[in-house]
Amino acid sequence: MSTLIDEIKTLIIETLNLEDVTVDDIDPDAPLFVEGLGLDSIDALELGVALHKRYGLAPSEDAEEAKQYFASVRRLADYVAAHRNH
Amino acid sequence: MGSRGAPSYLSMAWMPEFSLEFSFRRWSAWAPAMADVGAWSLWAHKETSLADHEEVASVKAMPPLLRRRAHPLGRAALEVLYAPALDYVNQPIVFCGRHGEIDRSLAIQHALAEEGRVSPQEFSMSVHNAIPALFLIAKQSQAPITALSSENQLVFSGITEALTQLADGASSVILLFCDAPLPTLFNPFIENEPTCFAFALEMTEGKDYRLAYTPPIASLAHEKATSALPPASLLPLLRFVLDETRSALPLTETADWQLQRLAPETCRV
């Protein structure tokens with residue numbers, strides 16, 4: 001799982017052009033949005049597209065569910081591990 | 001008029017005052033390898049030229065989470081807005097670019113054609129006013145933005161727009177021009193700029209410059225000006241402002257509209 005966590009951190013850094021942020025800078029349990037990394041709603045959309053391309057995840061129709069798995073890198077890794085198609 | 005005792009209603013005071021005279025108070029500019037005012041001064045006097053170079057403006061003054069959204073052209077524009085020399089204080093911004101960050105639009109179109117899915121981040125930044133808007137978000141300012149684009153005569157359009165904002169009550173307006181070489185796909189169609197650049201001029205009320213109209217037939221300088229005019233490039237404006245030996249800059253293809261220098265010493269270089 002730690003490999004997947006690092007993979008997702010790298011995906012976030014590359015997809016969102018997070019200059020000066022390294023894999024080690026991202027706390028896997030810190031919030032991704034608003035607090036913590038400070039990402040915004042456009043970043044959420046961007047990540048959704050990237051997750052679809054990389055892992056074949058369908059964008060969630062359920063906003064509450066999306067909130068849950070976008071809460072932190074660890075939650076996102078759990079979700080990817082359970083739902084990935086490739 | 002008052003000295004001859006004419007009634008006050010005969011004076012011109014009832015007419016709305018609108019002058020086409022103005023000043024440029026402050027300026028800033030960015031291009032690769034142009035480190036300081038001295039470098040721009042040498043360029044303005046045609047002792048050096050702008051080099052095509054990969055350097056990208058660092059925009060260190062902007063929070064990284066906002067800065068990451070800008071491409072090289074946007075970063076050049078942001079760098080001149082943040083420049084201490086410009087001393088930005090919530091003035092209206094007139095943002096002028098011939099094409100904006102066109103590499104972004106092109107990438108979106110490629111993605112749409114090839115994958116059918118575009119990047120929301122790129123799409124959200126692909127409108128022409130996105131770059132000055134990013135700056136105002138960072139500054140937490142609600143200053144008005146106008147974003148202009150045209151292939152030719154953009155300098156004329158930008159000056160006209162800034163003048164209307166002065167006439168509308170703004171005490172100063174930031175007039176920003178930026179451009180970059182186009183993606184190679186467009187090479188057959190267009191006169192390209194030498195490199196990525198941006199410059200900003202703070203326009204205020206004053207009597208250092210005049211936007212002047214002369215009917216083409218009456219203009220003795222018409223033929224000469226027309227032949228010397230690169231209609232599309234934005235850089236001649238900055239060169240004109242920095243080179244105080246020049247008295248007029250043609251702004252339109254027929255040179256009927258000119259920017260004229262009124263005072264010998266103008267922009268504080």
Do you know which two heavy atoms are closest between B:Ile108 and B:Ser126, and how far apart they sit? CD1-CB, 3.9 Å
Work out which heavy atom in B:Cys178 is nearest to a heavy atom in B:Ala198; give both atom names and the distance. CB-CB, 3.7 Å
Residue part contacting chain B, namely of A:Leu16, when any heavy atom lies under 4.5 Å: both
Could you tell me which portion of B:Arg69 (side chain, backbone, both or neither) has an atom closer than 4.5 angstrom to a non-hydrogen atom of chain A? side chain
How far apart are the C-alpha atoms of A:Lys67 and A:Asp62, what are their side-chain angles, what is the distance that settles it, and do they pass the salt bridge (Lys or Arg N to Asp or Glu O under 4.0 Å) test? CA-CA 9 Å; A:Lys67 240 183 218 172; A:Asp62 182 344; over 6 Å; no
With the threshold set at 4.0 Å, does a side-chain nitrogen-carboxylate oxygen contact exist between A:Asp20 and B:Arg68? no
Whether the side chain of B:Gln121 engages the backbone of A:Glu46 through a donor-acceptor N/O pair (distance < 3.5 Å, no angle test) should be reported. no
Determine whether B:Asp103 and B:His71 make a side-chain contact, defined as any pair of heavy atoms from C-beta on separated by less than 4.5 Å. yes
Within residues 50-57 of chain A, residues adjacent to chain B where the heavy-atom gap is under 4.5 Å: A:His52, A:Lys53
Hey, can you tell me if B:Trp27 and B:Trp40 have their rings parallel, tilted or perpendicular (30° and 60° cut-offs)? perpendicular
Is B:Ser119 close to chain A through its backbone or its side chain, or both, or neither, when contacts mean heavy atoms under 4.5 Å? both
